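Down below is the structure, laid out as C-alpha cells.
As the structure lists them, so they are numbered: ligands from 1, and atoms in each ligand from 1. Just so we're clear, the structure is a prediction, and the values are computed from it rather than from any experiment.
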Amino acid sequence: MRLIFHGPPGVGKGTQAGRISIEQGLSHISSGDLLRAAVDAKTEVGLKAREYIENGLLVPDELIVNIVADKINSAECEKGFILDGFPRNLSQAKVLDSTLGKTGKKIDRVFSFIASEEVIITRIAGRRMCESCGAHYHELFSPPSKENVCDECQSKLFQRKDDYPETIKVRLKVYKEQTEKLIDYYNNKGILEEVDCNGDKAEIQQNIIAGLHSMSKEERDME
Ligand code: ATP
Ligand code: MG
C-alpha cells in the first residue's frame with residue numbers, strides 16, 4: 001500500500017502517519033523530518049535548505065526529490081509507505097509518479113486532511129519539542145508535567161523557528177499557493193479521500209482507518 005497524507009502544515013499529518021504506519025506495517029517518510037535531519041547533520045543539502053525552512057518557504061525541488069526517491073526505492077519501503085509532506089507542488093507530484101512508474105508502481109490513495117485555519121494555528125503555535133530526545137509536547141493538549149522540561153529526559157523544550165506566529169502565516173500562504181492544488185491533481189486520478197481533522201487524535205485515526213477499509217472493499221469489488 002502506497003499512501004500520501006496531504007494537507008496544510010500543522011494539521012496532524014505527521015502524528016497520524018506515525019500511528020498508521022506502525023499499525024499497518026508501512027514505512028513513514030516525512031520530508032520535513034528528512035530535511036531537519038540534514039540540517040542538524042550539516043550536510044550539503046542541509047546547509048542549503050536551512051534558511052528556506054526557517055522562513056517557512058519550500059526548499060527548492062532539487063534539494064528534496066532525490067532524497068525522497070532514494071527512500072521510496074529502498075528495501076524498507078518494499079511493503080509500502082506513507083508519504084508525509086511530499087509532494088508539496090505539482091512538479092514534485094510528477095517526479096513521484098515517474099519514479100514509481102519506473103518499477104510499475106503507483107500511489108494507491110491520497111488522504112486529504114481538512115481542518116479549519118483556527119484549529120491549525122492553535123495546533124502549531126502550542127507545539128514544543130525536546131532539544132535532546134525530540135519528544136513532542138503541546139502547551140494545551142499534551143503539556144509536560146513541569147513547564148518547558150521534557151518528561152522523558154528532563155532536557156529543555158524548544159519551539160521550532162518555523163512555528164513562530166509570523167512564520168506560520170507564511171507557511172499557510174505557501175500551502176494555499178502551491179500545495180493545495182494537488183487536491184485537484186489526485187481527485188482527477190480518482191484516488192483522493194478527505195479526512196475531517198477537527199477532532200482529537202483518536203477520532204482522526206478512526207476516520208483514516210475507515211477510509212483504508214473502504215479502499216480495500218473497492219479493490220475487492222474490482223476483482
Ligand atoms: P508540520 O510541522 O505540522 O508537519 P509542515 O508539514 O509544514 O507542518 P514539515 O513537513 O515538517 O512541516 O516541513 C517543514 C519545512 O520543510 C517546510 O516548511 C519546507 O521548508 C520544508 N519541506 C518539507 N517538505 C518539503 C517538500 N516536499 N518540498 C519543499 N520543501 C519541503
Ligand atoms: Mg510534518
Residues 85-92, side-chain donor-acceptor partners within the protein, below 3.5 Å, at least two apart:
unit_1, atom_1, unit_2, atom_2, d
Arg88, NH1, Gly85, O, 2.7
Asn89, OD1, Ser91, N, 3.3
Asn89, OD1, Ser91, OG, 3.2
Asn89, OD1, Gln92, N, 2.8
Asn89, ND2, Asp61, OD1, 3.1
Ser91, OG, Asp61, OD2, 2.5
Gln92, OE1, Arg88, N, 2.8
Gln92, NE2, Asp61, OD1, 2.9

Could you pull out all donor-acceptor pairs under 3.5 Å where a side-chain atom in residues 11-20 meets a protein atom, sequence neighbours excluded?
unit_1, atom_1, unit_2, atom_2, d
Lys13, NZ, Gly7, O, 3.2
Lys13, NZ, Pro8, O, 3.0
Gln16, NE2, Lys201, O, 3.0
Arg19, NH1, Gln205, OE1, 2.8

Members sharing Ile168's hydrophobic cluster, built from side-chain contacts under 4.5 Å between Ile, Leu, Val, Met, Phe, Trp and Tyr, are Ile120, Ile121, Ile124, Leu172
Minimum heavy-atom distance between Ile183 and Ser112, given as atom pair plus value |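 Looks like CD1-OG, 3.8 Å.
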Taking the six-membered ring for Trp, are Phe5 and Phe111 parallel (under 30°), tilted (30 to 60°) or perpendicular (over 60°)?
->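 Perpendicular, since the angle between the ring planes exceeds 60°.
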Under 4.0 Å from ligand 1, residues with heavy atoms, in chain and number order, are Pro9, Gly10, Lys13, Ser31, Gly32, Leu35, Arg36, Ile53, Leu57, Leu58, Val59, Ile64, Gly85, Phe86, Arg88, Gln92, Arg127, Arg160, Asp162, Arg171
Quick one: do Lys176 and Glu117 make a salt bridge, cutoff under 4.0 Å?
->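 Yes, this pair counts.
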